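Keep in mind it's a predicted model, so treat the numbers as computed, not measured.
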Amino acid sequence: MLVRLRTVGAAVVATAVLGTVGCGSDTESSPSAPATTAANAAAKPAIVLVHGSFSNSSSWDAVATQLRGQGYQVVQPDNPLRGPAADAAAVTKAIEGITGPVVLVGHSYGGAVISNIHRANVKAEVFVAAFAPEQGESVQALSDPARYPGSKIETALRIQPTETGAEVTMAPEQFGAVFAQDVSADVASRLAAAQRPTSAAANAEPSGAPSWAGVPCWYVISTEDQTFPPAAQRFQADRMHARTTEVKSSHASPVSHPNEVAAAITAAANGS
């Protein structure tokens, strides 16, 4: 069992964890936005904020507040954290009522989820210290410690075997140092308490065809990330031909640097 758990632990290291014609070329639901004029509302896409592992939808609250203040409709769906295909289906279901243009935003593992959402009204995607797999690629492969060393997450993982596999969380006492070293101890404790468990199998699931290959994309790199090495983030951003911003941040940039994250999202919404 120890060997099995060590194998599972290594497999979930990555779970914690772009733009012209498309990135592949060079060229809990929240309330609606504040009332605006009909013309202004029609001009703005809806923003869908998808959280990753070791988080929940509230991790986007600071960013969402800024976006709503600018007149955007913002949705923060619950991400089940079961696997990219199932999670993409769940998020798609949550936003199926949005008929106008949409900007998808994924943090951490949430990037693998939005990469598997295919809707004709998606106008852009934003990846925030996030995974952006190609077809057949897994989150696990994109965080191989032999290729991208530096993550401190493996020693912080807590693995709970279940009848069908295992559920993974991050140890609360290590959450601040590994996931969110640039927020206060109180904020880190609240984030740790709010995290949702992730299926260990989600990390090894091969991705489907990437939606980011067909839309403009942005990427926000966390340069002080102790969970998902910045080198892995740069590799994916470069591969996607994303418009890139680097922020001196922990993995929890939506919490610690909401201004910079919101700026990248509004750039994507404006196509600039």
Side-chain angles (χ1 to χ4, degrees), residues 14-27 45-53 60 63 75 77 79 83-92 94-95 98 101-143 148 202-203 205-222 225 228-247 253-254 261-272:
T15 306
V17 162
L18 300 222
T20 48
V21 175
C23 294
S25 68
D26 290 322
T27 58
I47 311 296
V48 178
L49 304 174
V50 181
H51 68 85
S53 297
W60 284 112
V63 173
V75 181
N79 182 356
D87 296 339
V91 173
T92 298
I95 64 174
I98 302 174
V102 168
V103 174
L104 295 176
V105 187
H107 173 238
S108 191
Y109 166 82
V113 176
I114 69 170
S115 294
N116 284 273
I117 294 176
H118 297 271
R119 297 191 76 205
N121 61 340
V122 174
K123 65 169 289 182
E125 295 182 0
V126 184
F127 293 77
V128 182
F131 294 93
E134 291 187 326
Q135 185 165 10
E137 195 171 42
S138 68
V139 168
Q140 178 181 344
L142 288 170
S143 60
Y148 303 112
N203 203 30
E205 180 181 309
S207 180
S211 57
W212 53 254
V215 295
C217 299
W218 279 252
Y219 200 112
V220 182
I221 295 169
S222 291
D225 202 320
F228 183 30
Q233 297 178 43
R234 293 189 183 101
F235 165 74
Q236 289 170 84
D238 289 346
R239 181 173 71 176
M240 300 164 73
H241 302 285
R243 302 183 189 185
T244 303
T245 300
E246 296 205 355
V247 181
S253 54
V261 173
I265 295 169
T266 56
N270 294 328
S272 60

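- Distance check, rounded to the nearest 0.5 Å: CG of N79 to OH of Y109 gives 6.0 Å.
- Across all non-hydrogen atoms, the minimal contact from A268 to V103 is CB-CG1, 4.3 Å.
- H118 contributes a side-chain N or O that, together with a main-chain N or O of A209, makes up a donor-acceptor pair within less than 3.5 Å.
- A267 pairs by the side-chain contact (heavy atoms from CB on, under 4.5 Å) definition with W218, S272, not counting sequence neighbours.
- Taken to the nearest 0.5 Å, the OG atom of S115 stands 12.0 Å off from the CD atom of Q135.
- When all heavy atoms of E137 and A132 are compared, the closest pair comes out as OE1-O, 4.5 Å.
- Taken to the nearest 0.5 Å, the CG atom of L104 stands 5.5 Å off from the CD1 atom of I95.
- Judged by distance alone, the side chain of E205 and the main-chain N or O of A85 form a donor-acceptor pair under 3.5 Å.
- Between Y219 and F127, the angle of the ring planes stays under 30°, which puts this pair in the parallel group of the 30/60° scheme.
- Counting only distance, with no hydrogens or angles, the side chain of S138 and the backbone of P206 share no donor-acceptor pair below 3.5 Å.
- Proximity of the aromatic rings of Y148 and F228 is defined here by a centroid distance below 6.0 angstrom, and this criterion is not met.
- Atom-to-atom distance recorded for Q233:CD and S222:OG is 5.5 Å, nearest 0.5 angstrom.
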